[in-house]
Amino acid sequence: MDVWSKLEYVAWGLSLMFGALMIIDLIRTDSTYDNDLLTSSREGEIEATAERHII
Amino acid sequence: MANGTTSKTQTERLQLLRVLGPAHIWALGVGIVLVGEYMGWNFSVGKGGMIAGLIACWVAGLLYTCVAMIDSEVTSTVAAAGGQYAQAKHIVGPLMAFNVGLFLVMAYTMLEAANAITVGFLLDTVAGIQGHSGLDQHPFIVLSIMFLAWLNYRGVLATLTFNLVITAIAFLAIIVLFLSVQFGASSVPLDFSAITNDPLPYGWVGIVASLHFGLWYYLGIEGTCQAAEEVRSPARSLPYGTMAGIMTLLIAATMTWYVCSGLIPWEYLGQAGTPLFDAARVTGNSWLMVLLFVGTMFATLASANGCINDASRAWFSMGRDRYLPSWFGAVHPVYRTPYRAIVFLVPIALIFALGAPLDQVVTFSILSGLLGYTFMTFNMIMFRNKWPLDTIKRGYVHPFHPLPTIVLLTLCSTAYFAVFLGYGTQLIAMLCFYIIASLWFHFRRYQFVRRGDQFTMPWPKPRGY
């Protein structure tokens, strides 16, 4: 087995790891925090507070 | 009192973090696009010869300069995640906004998939050079998507700082190649004799046909405005980063055409998979070969990284406005990223990367981008008509209005014709998809949208309202 064949297995392993890290964190976050808080972002607040469209 | 209200609001609500500066915006825009210098643009030479390739380079450059100017003006005012989607929502209407949101997600997700396919192809090429034939590209395609999605999941500052570093290296690689060839580092001299011997092998129609792939030089620069909710000063950073980005790309595109056309015969250049890397191989200089391989890999990864960032912001914004299920409109409480949108788009990118041919994926990405540019033309006209210059503050005002809009619409029409010449079936299929999606939105989804909440900019009423 040459280095490229080993790299194929390493790549599969890392892919699984990064996928698992995201999924586990997503499940943990969703079960820890209230969904209303997680979806509480509103579009206009930054603009409304930071800049006022007055000339 | 106003400050107290603001603090209270911010503690109760999760928002995306405002941590980015103009350099990150430059890295996002140029990072998405620069891969087009490393591959793809050269098919324009195959369609019409060297002169056609150069004309396509500059005509597409003009098109995208118009895009950058128009986008900078509107985005400096509509500073919200979702970019053109938020612009359409405020200026045109909900159905247009839904379609623009889909254009963005499709264009960026497919471009991400194309980049991942390219990573696999590049590694297969290197493995082949080292004597390993038949490399399984799938694990590397999957890894590039998974790693970059994870990086995006963990935070926007790290993601775009990473993009800044690898994009700068990829851009410098092009400059180094150009200077090295100019100062004699190449064992093969530049040869432009085909310009006089065989200027337009397919006639004038070849120039039109080449325009399709000329778009590759700049496709995605408009993605800068997706970061509008995460920059510290949107009105300053977005126009500055976007205009610096298009200037960078115009320089890089012209250098790329010059070096590649001078070193590689146009018949071969028109079919090459990695033209800049191939040009470095032609020089016979092993240092340049390594540098341009690194540049190609970095440009590809930077593009995929920026695409994940932009597609997830567009999807997140649509979820936040209930144009899609509101579940997608969530912000991570620690990393402050649209984490559900990022994770949801991963399998979609994987399906395209593992199951569709590269040219089809690229064509669907270009078509979605073109539809978005067409939207920008009448969006700009409506924006200036509804809110003239003396009614709201703009971070940037583009010059010569409406000339850039007219030029953009004319060039978009020409590009549609060019795409139709080569990929007419895909063009019609894509339009059918958006028509069906629009019907679904109008008859099924719009009932869930909170109509009063979606217009968020503190603007005066439009003229004639």
Side-chain angles (χ1 to χ4, degrees), chain A, chain B residues 2 6 9-10 12-16 18 77-82 86 123 127 130-132 135-136 138-140 142-143 145-147 149-150 153 229 233-235 316-317 319-321 326-327 329-334 338-340 342-343 346 390-393 453-460:
Chain A
M1 182 182 284
D2 67 359
V3 67
W4 285 102
S5 301
K6 289 175 186 169
L7 281 175
E8 289 174 10
Y9 287 108
V10 171
W12 279 126
L14 288 173
S15 301
L16 282 173
M17 185 187 78
F18 289 123
L21 283 172
M22 284 189 288
I23 295 294
I24 290 167
D25 187 79
L26 187 146
I27 293 169
R28 186 183 295 161
T29 302
D30 284 3
S31 57
T32 305
Y33 295 90
D34 183 49
N35 193 54
D36 287 341
L37 175 68
L38 295 173
T39 56
S40 61
S41 170
R42 291 292 175 267
E43 180 180 84
E45 286 176 354
I46 289 174
E47 187 72 4
T49 55
E51 298 180 25
R52 298 177 193 288
H53 289 287
I54 299 170
I55 295 184
Chain B
T6 303
T9 306
Q10 285 177 345
E12 287 175 349
R13 286 188 171 160
L14 292 175
Q15 296 284 11
L16 301 176
R18 299 180 72 192
T77 314
V78 190
L123 291 174
Q130 293 188 346
H132 178 97
L135 180 77
D136 182 7
H138 291 155
F140 303 102
V142 176
L143 176 60
I145 290 175
M146 284 298 190
F147 167 67
W150 173 78
Y153 188 104
E229 248 175 71
S233 173
F316 158 77
S317 299
R320 191 168 57 177
D321 291 332
S326 60
W327 188 82
V331 173
H332 196 286
V334 178
Y339 69 110
R340 289 176 182 166
I342 291 170
V343 172
V346 166
D390 58 348
T391 55
I392 56 174
K393 190 175 78 177
D453 290 352
Q454 57 182 326
F455 303 106
T456 57
M457 295 299 140
W459 293 350

>> Is it the case that the side chain of A:Ser40 and the backbone of B:Leu14 share a donor-acceptor pair, with hydrogens and angles ignored and the cut-off at 3.5 Å?
In response: yes

> When you look at CZ of B:Phe455, are more than 12 heavy atoms from neighbouring residues, nucleotides or ligands closer to it than 6.0 Å?
Replying inline: yes

> Do the rings of A:Trp4 and B:His132 sit parallel, tilted or perpendicular, given the 30° and 60° boundaries?
Replying inline: tilted

>> Whether the side chain of A:Glu8 engages the backbone of B:Asp136 through a donor-acceptor N/O pair (distance < 3.5 Å, no angle test) should be reported.
In response: yes

> What residues form a ring pair (Phe, Tyr, Trp, His ring centres under 6.0 Å) with A:Phe18, not counting sequence neighbours?
Replying inline: B:Phe147, B:Trp150

> To the nearest 0.5 Å, what is the distance between OH (B:Tyr153) and CG (A:Leu26)?
Replying inline: 4.5 Å

> For A:Thr32, is it the side chain, the backbone, both or neither that has a heavy atom under 4.5 Å from a heavy atom of chain B?
Replying inline: neither

> chain A heavy atoms under 4.5 Å from B:Val142: which part of the residue, side chain, backbone, both or neither?
Replying inline: both

>> Which atoms of B:Leu123 are under 4.5 Å from chain A, going by heavy atoms: the side chain, the backbone, both sets, or neither?
In response: both

>> Is the shortest side-chain heavy-atom distance between A:Arg42 and B:Thr456 below 4.5 Å?
In response: no

> Measuring from A:Trp12:CH2 to B:Met146:CE, what's the distance to the nearest 0.5 Å?
Replying inline: 9.5 Å

> Which answer fits A:Asp25, side chain, backbone, both or neither, if we ask what part of it has an atom under 4.5 Å from a heavy atom of chain B?
Replying inline: both

> In terms of heavy-atom pairs under 4.5 Å with chain B, which of A:Ser5, A:Ala11, A:Gly19 leads?
Replying inline: A:Ala11

>> Using heavy-atom distances under 4.5 Å, tell me whether B:Ala127 contacts chain A through its side chain, its backbone, both, or neither.
In response: both

> Can you name the closest pair of heavy atoms from A:Glu43 and B:Ala81 and give their distance?
Replying inline: OE2-O, 4.3 Å

> Where is the tightest heavy-atom contact between A:Ser41 and B:Gln15, given as atom of each residue plus distance?
Replying inline: OG-OE1, 3.1 Å

>> What part of B:Phe316 gets within 4.5 angstrom of chain A, counting heavy atoms only: side chain, backbone, both, or neither?
In response: side chain

>> Any heavy-atom pair between the side chains of B:Arg340 and A:Thr39 that's under 4.5 Å?
In response: yes

> Pick from A:Asn35, A:Leu16, A:Thr29: which one has the most heavy-atom pairs with chain B under 4.5 Å?
Replying inline: A:Thr29

> What distance do B:Arg13 atom CZ and A:Asp36 atom CG have between them, rounded to the nearest 0.5 Å?
Replying inline: 11.0 Å

>> Suppose we screen for side-chain contact (heavy atoms from CB on, under 4.5 Å). Which residues come up paired with A:Ile27, at least two apart in sequence or across chains?
In response: A:Ile23

